[in-house]
Number of protein chains: 2
Amino acid sequence: MSPSSPPSSKTPADAPRTAAPRRRQRLSTEERERQIIEGAIQFFSEHGLAGQMRELATTIGVSHPLVFHYFPSKKALIERVYAEVYLGRWKPEWEHRVKDRSEPFEERVTRVYIDYARTILTKEWVRILIHSALADGYINDNYLTLVGERLLRPIIGETRIELGLDDDREPTEAENELIWGLHGGIFYIGVRHWIYGHKFPENLPQVVTDRVRAFVLAAREIFPREAGKPAG
Amino acid sequence: MSPSSPPSSKTPADAPRTAAPRRRQRLSTEERERQIIEGAIQFFSEHGLAGQMRELATTIGVSHPLVFHYFPSKKALIERVYAEVYLGRWKPEWEHRVKDRSEPFEERVTRVYIDYARTILTKEWVRILIHSALADGYINDNYLTLVGERLLRPIIGETRIELGLDDDREPTEAENELIWGLHGGIFYIGVRHWIYGHKFPENLPQVVTDRVRAFVLAAREIFPREAGKPAG
DNA sequence: TCCGCTTTTGACCAACTGGTAAATTGTTAG
DNA sequence: CTAACAATTTACCAGTTGGTCAAAAGCGGA
């Protein structure tokens, strides 16, 4: 960066050599740790999990060994980021609301997905998930299992009940594809915006509502198709 | 890997110490270049664009300076991979078939998307696109513009005609979201398989057919909604 | 068989990168 | 005001990585 200027300056008023002379600021352990985590979430979402620790430290405004003082290794920091972003934002109420038959079926699913969309459609959430998926699949096995069991499977069950079908059998391929098509399509809104750089929908609730509507309309044709056949 | 076996062998028949003693094999420029490109496509799809040149060379079975003999830099090699995989596989006939009104509308779209799905749902295609999108967005600006103009925009036009609507106005947000939902949902089949490790659909044509059906059903509700309002 | 051209490689370089250790400095209790 | 503790940084290390260069070795033609 600096075009080979030897560290020969003397006057305090001089321009900083490499970066701002870094006024050393002491924070409490909790504050600094919080600051590092938040900085890491932003940084890794932009630069990927392969981003450098030195660069991360610079964006936070500290030296890079300090990060190692708070987290024993890069991997430990990344795992903490996972826990904060994915496990920390999951709402168990989604599953309950899907199953709450005091409300009409389509409205239940719509309202849950509007809230789900609001929760996950953030830059960090979308980009870190994709980065992780490509890197080692660490999140998938945890997070997507959670999604499948706690959200999609219950929706398949409720859909069958809504359509007056037997709801005990394993989901068929067509049923699975349909619900994953809805789920993935909503996630893909985030991919389009934060990865492809497309414009974010102005009216997200309307878009989600339309998606759920498309799901319900298709389910009426597709779910009954194999309802009579034996499972497996 | 090898549990600490000291390199103490002497006889020529012994197992090679580090790797096979690499029998030097001369190929024509064309053959070797082809081999490097194909190897790079596979390698980068698995290890990401940050994968090391040495490791790539090893999987091909050559030394890493040889790769630099054929491509001046890593970046040049990656750009060649882009061109091979994305530009090389696009079929202009897709746009023509969408507009060919001798066939019923839904069948046209279905058949084009079945072929499109077969073309892009490969490991290299899906993984390299995502890697690239995260890294620098190099492909998006090129490839997704192509998709939008040559495939999605024509489908919106044909859908409006099919529904008896004015087809001159700019696509509304709801229309755009719906067609991108279809398109993204199909791409997301690949993401689920090659990035998340889910099972690939046994009956892909049926899955695509169902998706197009869901699109058409929803379009009948959504497309007429703003058809009367002024554009913009 | 041997010459000469082109492919291929071993050795090397400089910048980068995760991580360590000891010196430094801000803060607070007494 | 000072000692002592903890937060923070400077200096450093070893392994990695894209890229270079001159030497080595296949291969076709004479």
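Keep in mind it's a predicted model, so treat the numbers as computed, not measured. So you know, we letter chains A, B, ... as the sequences are listed, proteins then strands, and number each from 1.
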Side-chain atoms of B:Met53 come closest, of C:dT7, D:dA7, D:dG18, to D:dG18

Considering only heavy side-chain atoms of A:Leu27, the closest of C:dT9, D:dT8, C:dG18 is D:dT8

Nearest-angstrom distance from the residue atom [atom1] of [X] to [atom2] of [N]:
{"X": "B:Arg26", "N": "D:dA25", "atom1": "CZ", "atom2": "P", "result": "13 Å"}
{"X": "A:Ile60", "N": "D:dT8", "atom1": "CD1", "atom2": "P", "result": "12 Å"}
{"X": "A:Arg32", "N": "D:dT9", "atom1": "CZ", "atom2": "C1'", "result": "11 Å"}
{"X": "B:Glu33", "N": "C:dT7", "atom1": "CD", "atom2": "P", "result": "11 Å"}
{"X": "A:Phe68", "N": "C:dA22", "atom1": "CZ", "atom2": "P", "result": "18 Å"}
{"X": "A:Arg34", "N": "D:dA7", "atom1": "CZ", "atom2": "C1'", "result": "19 Å"}

Salt-bridge criterion met for B:Arg80 and B:Glu84 (N-O under 4.0 Å): yes

inquiry  = Could you check whether A:Arg26 pairs with A:Glu31 (Lys NZ or Arg NE/NH1/NH2 to Asp/Glu carboxylate O, under 4.0 Å)?
reply    =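 Result for this pair is no, no salt bridge flagged.
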
N/O (side chain, [X]) to phosphate O (OP1/OP2, [N]) under 4.0 Å:
{"X": "A:Ser73", "N": "C:dG18", "result": "no"}
{"X": "B:His69", "N": "C:dT8", "result": "no"}
{"X": "B:Arg54", "N": "D:dT16", "result": "no"}
{"X": "A:Tyr70", "N": "D:dA7", "result": "no"}

Point to revise | Check: B:His64 side chain, D:dG18 base, donor-acceptor under 3.5 Å | key: no

Q. When we call it a touch if two heavy atoms are under 4.0 Å apart, what does A:Ser28 touch: a base, just sugar-phosphate, or nothing?
A.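 Nothing, no nucleic acid heavy atom in range.
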
Assess, by modelled atom type and distance only, whether the side chains of B:Thr145 and B:Arg150 contain a donor and an acceptor separated by less than 3.5 Å.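 B:Thr145 vs B:Arg150: no donor-acceptor pair found between side chains.
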
Q) Do B:Tyr86 and B:Trp125 have ring centroids that are under 6.0 Å from one another? A) yes

* Any donor-acceptor pair under 3.5 Å from B:Arg127 side chain to B:Gln42 backbone ->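 Looks like no, no N/O pair under 3.5 Å.
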
